[in-house]
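Residue indices begin at 1 and follow the sequence shown.
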Amino acid sequence: PKVALDYHAESLRMMKVIYGENAQHPDIAESLRSLGASWSELGDVVKAFEYREKSLIMLRSILGDNMSHPDIAKALTNLGSSWRERGDERMAIKHHEEALRMFKELYGDNTPHLDIARSLGFLGISWKNICNQDKAVNYLEASLKMKQDIYGEDTAHPDIAESMNNLGTYWGKVGDYKKAIMFFEESMRMVKVIHGNNMTHPDIAGTLRNLGNCWSGLGHEMKAIMFFE
């Protein structure tokens with residue numbers, strides 16, 4: 001990520017030389033977006049937020065404040081993620097709802113599209129984090145269903161595995177450990193198909209930990225220990 005950050009910073013510097021220090025240009029907005037993503041990967045949520053906000057402001061200046069455009073919708077999504085990283089779920093929801101509305105205008109209200117599915121998933125996570133469980137499960141289930149419509153219900157795909165994991169986390173949070181285990185096991189099956197039986201892979205290791213927590217919640221400590229090990 002640090003190497004990528006250096007390249008993106010140099011790209012932004014060159015864009016400003018080409019277009020002007022204070023120019024409003026899509027290439028500059030894209031460099032700002034890339035820097036935001038790199039800072040997010042490095043864990044600097046303040047800098048990530050700063051670059052993502054600048055990117056959104058510039059895109060709206062170029063394309064129009066009320067324009068429905070994929071780049072603006074994606075910038076809203078990125079900024080929503082930054083608000084969540086900073087712990088402000090209400091602001092995250094506001095941005096993800098605006099992004100979702102825009103994606104539906106662009107692609108069609110009932111069209112299965114990955115951008116729509118991801119917005120639904122982000123909204124589900126934020127509603128879960130502020131304990132509105134009805135909204136959380138509705139969004140998370142809608143996200144999973146749309147991803148299955150896009151890729152195929154039985155296809156092992158990282159996006160579907162991620163949604164299964166999110167639903168497992170939801171059911172674990174509300175105390176339905178059996179349902180949580182069902183989703184975590186399905187997520188793990190998919191991740192193993194995708195990555196192989198590499199127990200050191202972060203997705204597999206995280207799911208094993210989640211399964212251990214669920215079995216512990218059900219009072220099966222010995223089984224939980226197997227997953228923690």
Is it true that Glu50 and Lys47 make a salt bridge, defined as a side-chain N closer than 4.0 Å to a carboxylate O?
no
Straight-line distance of Arg52 CZ to Lys74 NZ, nearest 0.5 Å
14.0 Å
Between Ser11 (side chain) and Tyr7 (backbone), is there a donor-acceptor pair under 3.5 Å?
no
Note, Cys131 side chain near Gln133 side chain (heavy atom, < 4.5 Å)
yes
Do Arg101 and Ser68 make a side-chain contact, defined as non-hydrogen atoms from C-beta onward lying under 4.5 Å apart?
yes
Which is it for Asp176 and Lys178 under the side chain to side chain contact (heavy atoms under 4.5 Å, CB included) test, yes or no, and what are the steps along the way?
CA-CA 6 Å; Asp176 192 332; Lys178 289 183 179 178; 4.1 Å; yes
CG of Leu5 to CG of Asp44: how many Å apart, nearest 0.5 Å?
9.5 Å
Tell me, do Arg84 and Asn129 make a side-chain contact under 4.5 Å, heavy atoms counted?
yes
Check: Gly36 main-chain N/O paired with Ser40 side-chain donor or acceptor under 3.5 Å:
no
Would you call Ile181 and Leu218 a side-chain contact if the rule is heavy atoms closer than 4.5 Å?
yes
Pairing of Arg60 and Glu98 as salt bridge, 4.0 angstrom limit
yes
Report the C-alpha distance between Met188 and Val191 in whole Å, list the side-chain angles of each, state the deciding distance to 0.1 Å, and finish with yes or no for side chain to side chain contact (heavy atoms under 4.5 Å, CB included).
CA-CA 5 Å; Met188 171 105 86; Val191 171; 5.7 Å; no
Is it true that atom OH of Tyr19 has more than 12 heavy atoms of other residues, nucleotides or ligands lying nearer than 6.0 Å?
yes
Could you label the plane-to-plane angle of the Tyr151 and His157 rings as parallel, tilted or perpendicular, counting under 30° as parallel and over 60° as perpendicular?
parallel
Counting N and O atoms only, with roles assigned by atom type, does the side chain of Ser55 sit under 3.5 Å from a partner on the main chain of Tyr51, one being a donor and the other an acceptor?
no
Considering all heavy atoms, the nearest Gly80-His96 contact:
C-NE2, 3.5 Å
If every non-hydrogen atom of Thr207 is compared with every non-hydrogen atom of Asn165, which pair is closest and at what distance?
OG1-OD1, 3.7 Å
Quick check on the 6.0 Å ring-centre criterion: do Phe184 and Trp171 meet it?
no
Short question: side chain of Ser187, backbone of Phe183 - any donor-acceptor pair under 3.5 Å?
no
Do Pro70 and Leu106 have side chains that approach each other closer than 4.5 Å (heavy atoms only, starting at C-beta)?
yes
How long is the span from the CZ atom in Arg209 to the CD1 atom in Ile204, to the nearest 0.5 Å?
13.0 Å
To the nearest 0.5 Å, what is the distance between CG on Asp159 and OG on Ser143?
8.5 Å
Donor-acceptor under 3.5 Å (Ser119 side chain, Asp115 main chain):
yes
Is the shortest side-chain heavy-atom distance between Met190 and Glu186 below 4.5 Å?
yes
Grab the two heavy atoms, one from Trp39 and one from Ala48, that are nearest each other, plus how far apart they are.
CB-N, 3.7 Å
Just how far is it from atom CG of Leu100 to atom CG of Leu76, taken to the nearest 0.5 Å?
11.0 Å
Can you list the steps and then say if Leu12 with Lys16 is a side chain to side chain contact (heavy atoms under 4.5 Å, CB included)?
CA-CA 6 Å; Leu12 177 61; Lys16 287 186 173 184; 3.9 Å; yes
Could you tell me how the ring of Trp83 sits relative to the ring of Phe49: parallel (under 30°), tilted (30 to 60°) or perpendicular (over 60°)?
perpendicular
Val45 vs Ser82, side chain to side chain contact (heavy atoms under 4.5 Å, CB included): CA-CA, chis, key distance, verdict
CA-CA 7 Å; Val45 298; Ser82 275; over 6 Å; no
Check: Leu56 and Leu32 side chains under 4.5 Å, non-hydrogen atoms:
no
Are side-chain heavy atoms of Tyr139 and Leu144 found at a separation under 4.5 Å?
no
With a cut-off of under 6.0 Å to the ring centre and 45° to the axis, is Lys173 in cation-pi contact with Tyr170?
no
Nearest 0.5 Å, what's the OG-CE distance between Ser31 and Met58?
9.5 Å
Gly121 and Leu140 have their tightest heavy-atom pair at O-CD2, 3.8 Å
Is the number of heavy atoms from other residues, nucleotides or ligands within 6.0 Å of CZ (Arg189) greater than 12?
yes
Minimum heavy-atom distance between Ala117 and Lys147, given as atom pair plus value
CB-CG, 3.8 Å
Would Ile72 and Leu35 show up in the same hydrophobic cluster when neighbours are defined by side-chain heavy atoms closer than 4.5 Å?
yes
What's the shortest heavy-atom distance between Leu79 and Glu53, and which atoms?
CD1-N, 3.7 Å
Heavy-atom count check: over 12 atoms from other residues, nucleotides or ligands less than 6.0 Å from Asn66 CG?
no
